[in-house]
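To start, the structure itself, in structure tokens.
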Amino acid sequence: MSKIKAAITGVGGYVPDYILTNKELETMVETSDEWITSRTGIKERRILKGENLGVSYMGAMAVKELLAKTNTDPKDIDLIIFATITPDMPFPAAANLVATQVGATNAFSFDVSAACSGFIYALTTGAKYIEAGMHKKVIVIGGDKMSSILDYTDRTTCIIFGDGAGCVLLEPSKDDTGIIDSIHKSDGSGAQYLHIKAGGSLKPATHESVDAREHYVYQEGSAVFKFAVTNMADIAAKMMERNNLKAEDVNWLAPHQANKRIIDATASRMGISEETVMMNIERYGNTTGGTIPLLLWDYEKQLKKGDNLIIAAFGGGFTWGSIYVRWSYDTN
Ligand code: UT7
């Protein structure tokens, strides 16, 4: 009996309406459109405004679009996994809230916390339930409301991130397409360079921690950059090598959108041309768990059945990895 593969059979996405441009950031912190564009490739990012809207709202909006596009009854969903570091609250999981909002009453659901690599960790996890023959329909969401953990007086972090969520439907593949291979890595010694100082069990919230602005993202950008640029390129190259893929065999690279310079270095290491690199960092910035599903959402119409996609990510933890997907459908 041949092994069951998990196929991505649909994509959904949601980005909030409000556009925070580099120009507007110039009025908030000492920065410039020129600095942000040349150092990161970002021109604007989306921000979720409004009362009582957490990340589950964006996840649910993305899933509702996915269900409509794929003509799927929410009651047929077996499992929902949400990759996020900005759940509505420490518990319950954002995935639980999404399941209820979309009417997935027969699904069980949980979150995955792996920062910018969260979506790829969750995608592999979801795929394993399909490959094991345990489930037929799994939804994997990636998304973050980064604006809820950013210090808009800190120019080194607030210019990078944005809000958004995307998702995919996984089903058993009917042919040789689907998720072919995954490699995942993590290294907790990288935590010192990118973390939130307070609000966890190590340092619960106090008046002092709030006054010291310790509930926001702390990042030593150039240290993270060095690890990201090497590890994301290395792992994408390793994925090609162990699947005997040459540059001309790769139809698309779907890289985490942290910095255009990291993406360019990864593409160059893989020997692939610029046209094969999915990119939307200029419009959304770094949406953490959201970047990769939002790329698939933006590029879905250009993808063809049988296309070889290499997904690669690097983020807080440190966490990093790569997934090789043979695309399973033509949109039209
Ligand atoms: O997705 C999760 C993983 N995260 C990443 O992969 C992020 C990786 N890191 C980066 O993308 C980059 O390090 C940043 C975009 C965060 C920063 O770019 P950089 O080229 O590494 O800049 P830097 O931190 O080395 O700072 C260079 C200079 C500094 O000034 P001095 O000390 O040279 O006078 C900063 O103070 O740029 C200054 N600077 C800014 N200037 C204008 C830092 N942020 C800004 C800003 N506007 N927003």
Side-chain angles (χ1 to χ4, degrees), residues 4-16 48 53-145 163-173 178-179 182 184 287-297 300 311 313 319 323 325 328:
I4 302 169
K5 277 197 199 51
I8 295 175
T9 56
V11 182
Y14 174 80
V15 289
L48 183 63
L53 296 178
V55 78
S56 72
Y57 170 79
M58 296 193 292
M61 292 296 278
V63 170
K64 282 176 191 168
E65 191 206 45
L66 173 71
L67 294 171
K69 270 167 76 176
T70 56
N71 209 9
T72 303
D73 183 341
K75 294 196 173 49
D76 291 339
I77 302 298
D78 303 301
L79 165 62
I80 297 181
I81 309 176
F82 199 157
T84 186
I85 53 162
T86 52
D88 292 29
M89 50 198 91
F91 72 90
N96 300 163
L97 304 177
V98 170
T100 297
Q101 286 173 55
V102 304
T105 47
N106 294 314
F108 81 106
S109 49
F110 60 89
D111 288 355
V112 163
S113 174
C116 299
S117 305
F119 182 77
I120 62 169
Y121 280 27
L123 188 58
T124 296
T125 306
K128 295 299 164 196
Y129 283 91
I130 301 277
E131 290 170 13
M134 187 171 171
H135 292 314
K136 293 270 191 286
K137 289 184 194 292
V138 174
I139 289 179
V140 180
I141 314 167
D144 277 290
K145 185 182 170 183
D163 301 340
C167 59
V168 298
L169 178 63
L170 293 174
E171 295 181 275
S173 175
I179 293 173
S182 308
H184 297 295
T287 55
T288 303
T291 60
I292 288 161
L294 285 173
L295 281 175
L296 300 178
W297 186 54
E300 186 187 22
I311 302 175
T319 56
I323 297 183
V325 179
S328 295

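Counting begins at 1 with the first residue of the sequence. Just so you know, these numbers use all the heavy atoms, side chains as well, and skip hydrogens, waters and symmetry mates.
Counting only heavy atoms from C-beta outward, the side chains of F119 and L295 never approach each other to under 4.5 Å. In this structure the side chain of V140 never reaches within 4.5 angstrom of the side chain of V112, judged on heavy atoms. With contacts defined as side-chain heavy-atom distances shorter than 4.5 Å, the pair T72/L66 does not qualify. Contact annotation: the side chain of L97 approaches that of P92 to within less than 4.5 Å [non-hydrogen atoms, C-beta and beyond].
In this structure a side-chain-to-backbone donor-acceptor pair under 3.5 Å is present from K69 to V11. In this structure, the side chain of D88 engages the main chain of V55 through a donor-acceptor pair within 3.5 Å. Panel note: side chain K145, backbone L53; a donor-acceptor pair is recorded below 3.5 Å. A donor-acceptor pair is defined here as one N or O able to donate and one able to accept, closer than 3.5 Å; no such pair exists between the side chain of T70 and the backbone of G10.
Taking the six-membered ring where tryptophan is involved, the planes of H135 and F108 are tilted, since the angle between them lies from 30° to 60°.
In the model, S109 has a side-chain atom that pairs as donor or acceptor with a side-chain atom of N96 under 3.5 Å.
Residues A313 and C116 share a closest heavy-atom pair of CB-O, 3.8 Å. The two residues V102 and A60 make their nearest non-hydrogen contact at CG1-O, 3.8 Å. Residues A165 and G59 approach most closely at CB-N, 4.0 Å, considering heavy atoms. Taking all atoms of both residues into account, the shortest heavy-atom contact from A94 to S56 is O-CB, 4.1 Å. Between A95 and D111, the shortest heavy-atom distance links the atoms N-OD1, 2.8 Å. The two atoms that bring P74 and G103 nearest to each other are CB-O, 3.5 Å, heavy atoms only.
Between the OG atom in S182 and the CG atom in L123 there is a gap of 7.0 Å [rounded to 0.5 Å]. A distance of 2.5 Å separates OG1 in T124 from NE2 in H184, rounded to the nearest 0.5 Å. Atom CG of L170 and atom OG1 of T9 lie 7.0 Å apart (nearest 0.5 Å). Of the inter-residue distances, the one linking L169 atom CG with D76 atom CG reads 10.5 Å to the nearest 0.5 angstrom. In this structure, L79 CG and K137 NZ are separated by 13.5 Å, a value rounded to the nearest 0.5 Å. Taking NZ of K75 as the start and OG1 of T105 as the end, the distance is 4.5 Å to the nearest 0.5 Å.
The ring pair (Phe, Tyr, Trp, His ring centres under 6.0 Å) pairs that include a residue from residues 53-86 are Y14-Y57, where partners are two or more places apart or lie in different chains.
The side-chain hydrogen bond (donor to acceptor under 3.5 Å, both in side chains) test with D144 singles out one residue from T287, T86, T288, and that residue is T86.
Residues that satisfy the salt bridge (charged side-chain N to carboxylate O under 4.0 Å, His left out) test with E131, not counting sequence neighbours, are K3, K128. Applying the side chain to side chain donor-acceptor pair (under 3.5 Å) rule to K136 yields no partners; only residues at least two apart in sequence or on another chain are considered.
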* So T125 and V138, side chain to side chain contact (heavy atoms under 4.5 Å, CB included) or not? Walk me through it. -> CA-CA 10 Å; T125 306; V138 174; over 6 Å; no
* To do: Would you check, one step at a time, whether the test side chain to side chain contact (heavy atoms under 4.5 Å, CB included) holds for T319 with Y121?
  => CA-CA 9 Å; T319 56; Y121 280 27; 3.3 Å; yes
